[in-house]
Amino acid sequence: MIDKRLVIVSGKGGVGKSALSAGLALLAQRRGLRVLAMEMGDGQGLSTHLTSGPLEFEPREVRPGLHAMRMVRSDALLEYLSLQLGVRGIARFGPVARAFDALATTAPGIREIITIGKAIWEVKEDRWDIVVADAPPTGQIGSFLRAPVTIGELVPTGRILAQAEMMKETLRDPSQTRLVLVTLPEELPTTETSETLNWINNENLVSKPTIIANRILSELEEADAPTGPVRDAASLHRDLWREQQEWLHTLPPDLELPYLFGLFTPGEVAAHLSDELEEIL
Amino acid sequence: MTKTLLVTGAGGVGKTTIAAGVGVTAARAGMRTLVVTVDPARRLATALGVENLGNEPQPHPSERNLWAAMLDATASWRAVAERHAEPDVAARLVDNEFFRAASEHFPASQSYAAADQAATFVQAKAWDLVVVDTPPSGGGIDFFTAPAQMADLVGGRLLRWITGGPLPGRRFLFNVAGRPVLRIADSILGSDLLERVAEFLLDLRTTYDGVAQRGREIEAVLGSSAVIVVTTSDPAPVREAIRFYRALPGLASVPAAVVFNRVLPSEWAEATAPPGTPAALAHNLEQWAAETLRQRDSRQEFSSRYGAHIAAVPWSAHPPTDLDGLADLMKSSSDIPWAELGFSAG
């Protein structure tokens, strides 16, 4: 997974998407890669798990070899207009940038293409070996992956269209881009992940995603137990395990990450996940 | 007087289960109760009797006093156009590609729809209690800021950004050549996209007075509602819940409680396996004890540092699938502030 240039991590809210993004970024960093971790959505999940403090649009080195940033739409818009579309002196054209901001709020695909475009732009830079994007949740990921197509339908010609074509190819190229869907063995995440998978197979915008099931309990052997907490804990564990197995059967994942017991901070969670990933990747 | 309970919190923490549980408990205590839900799991939808139902509250087939409605964001946006715009403008808006995009992609779209609908149900005065399962977007904060964001969207700011000057009439659109901003934008976009957006915003702007007025009504309802924050004890949701808990007094009111979901029995924290316990089971208890300890710490931190009233819903291996299961889950919970909702759950 970390041999790709762009890893986009999505999943239903609450499944551990940001923790896993941070874990992947930490693993890549430990293997000596030059890493950019990108908070793509509005939350602060990634910075919390990297224990980096608030992130800005300008990438900042949070550990040796690991830079982190967050999307700021107005900054990304200016950069998109000036660097990608080659509109010179855009800073002096404040009104044009603002007009585009109005456009980004209203027209489908503009906000999304600026965001996904930023990730792809960074991939094309030689500064990084890998870009790990903590992407919006599965409910919105479709509109981001589809943004280059949406723009193609909205804008018939011009530089934006050419850029959109390039983005389409990068997203579709399995040697460059990998989509990771994080899920939990529970009803709602399983349903939402399955729906997202179907949609992705139909739309052919990105190659087959990697499904990672998080918080998986291990099987507990049957044994006689005295009454009290020993038995109650064993009984809860087995019941939860059986429930999990059903959902894992409904949607078999490519990778499983274990339930982490007794961790206090998001930083600890990300560090442990990165250790677990080290063993299976 | 209708009481309102807003059930807030991050995604995946069990908001819908708790909203439904409170709803059933209230209904069984004799309150005419409506539960408004966003995206329920199938078995919860079945339990509430809201499968395949839309915006309109439906009485539960077997539970007296219980109604349920499922949120339909698109319908709510259509209502905005139809309620606040002239008929011909409304028809144009509903067909407009940008209007459809905004109803789907505007960041606070689902939150606005939910807040608008919740306020409508409260104003109907047909129920004693309306329980609202809020959308998780923006960590729950969107729900409270949505009316202002909506007014901002339909207000003139974006339009002024495009025209670069005072608010224009429709006539300005025939004079694009004279607008440098639009000329440059056209050359970048290779199309008249920005003009079409401006035209759409002109139509949308005619709804401004209505939307602003409605926004004040919605905010009044939200401001007088009881709020609970739901979280699990996991590190990331707890961080979110803390941020949200601290922001809430500025947005609505001090939350009546922080409800921790999936709580383990507190006696596990100090439990040790007696001698002779098989190693696997002893190890298992150690793991769950560590988890219990961590859970207890995060609840204590919340109450001691932020003064929050803490309620606890136990971790059940089998999520409730019917109304009795939901009611039982609430009965085995502790410290839920029933009195603040106007009834006793004895």
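Throughout, a chain's letter reflects where its sequence line sits, starting with A, and its residues are numbered from 1. Small disclaimer: the values here were computed from a predicted structure and weren't measured.
Using a 4.5 Å cut-off between heavy atoms, A:Arg242 does not touch chain B at all. At a 4.5 Å heavy-atom cutoff, the contact between B:Val197 and chain A is made by side-chain atoms alone. Contacts between A:Leu240 and chain B at a heavy-atom distance below 4.5 Å involve backbone atoms as well as side-chain atoms. For chain A, no part of B:Leu204 is nearby; none of its heavy atoms comes within less than 4.5 Å. Only the side chain of B:Pro319 comes within contact range of chain A, with heavy atoms under 4.5 Å apart. Heavy atoms closer than 4.5 Å to chain B are found nowhere in A:Glu268, neither backbone nor side chain. Using a 4.5 Å cut-off between heavy atoms, A:Glu221 contacts chain B through both its backbone and its side chain. Only the side chain of A:Thr48 comes within contact range of chain B, with at least one heavy atom under 4.5 Å from a heavy atom of that chain. Looking at A:Val269, the atoms closer than 4.5 Å to chain B (heavy atoms on both sides) all sit in the side chain, from C-beta outward.
Heavy-atom pairs under 4.5 Å with chain A peak, among B:Glu286, B:Arg262, B:Glu267, at B:Arg262. Comparing A:Ala102, A:Pro226, A:Gly14 by heavy-atom pairs within less than 4.5 Å of chain B, the highest count is held by A:Ala102. If you tally non-hydrogen atom pairs under 4.5 Å between each of A:Leu260, A:Thr191, A:Asp232, A:Asp224 and chain B, the highest count goes to A:Asp232. Among B:Pro274, B:Pro235, B:Ser233, the residue making the largest number of heavy-atom pairs under 4.5 Å with chain A is B:Pro235. The candidate from B:Glu291, B:His318, B:His283 with the greatest count of non-hydrogen atom pairs under 4.5 Å with chain A is B:Glu291.
Ion pair B:Arg294/B:Asp234 flagged as a salt bridge, since at least one NZ, NE, NH1 or NH2 atom sits closer than 4.0 Å to an Asp/Glu carboxylate oxygen. A salt bridge does not link B:Asp133 to B:Lys15: none of the charged nitrogens lies less than 4.0 Å from a carboxylate oxygen.
Judged by distance alone, the side chains of B:Arg243 and A:Gln44 do bring a donor and an acceptor atom under 3.5 Å apart.
A:Lys17 pairs in a side chain to side chain donor-acceptor pair (under 3.5 Å) with only one of the listed residues (A:Asn214, A:Asp134, A:Thr138), which is A:Asp134.
Using a 4.5 Å heavy-atom threshold, the side chains of A:Thr196 and A:Leu181 count as touching.
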Exercise. Given salt bridge (charged side-chain N to carboxylate O under 4.0 Å, His left out), test B:Glu199 with B:Arg196 step by step and report yes or no.
Key: CA-CA 5 Å; B:Glu199 193 160 3; B:Arg196 277 149 56 207; over 6 Å; no
Practice problem: Please lay out, stage by stage, how A:Arg146 and A:Glu112 fare under the test salt bridge (charged side-chain N to carboxylate O under 4.0 Å, His left out). | Solution: CA-CA 9 Å; A:Arg146 200 177 184 281; A:Glu112 289 86 354; over 6 Å; no
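Using cut-offs of 30° and 60° on the angle between ring planes, the pair B:Trp268 and B:Trp288 is perpendicular. By the 30° and 60° cut-offs, the orientation of the rings of B:Phe99 relative to B:Phe200 is perpendicular.
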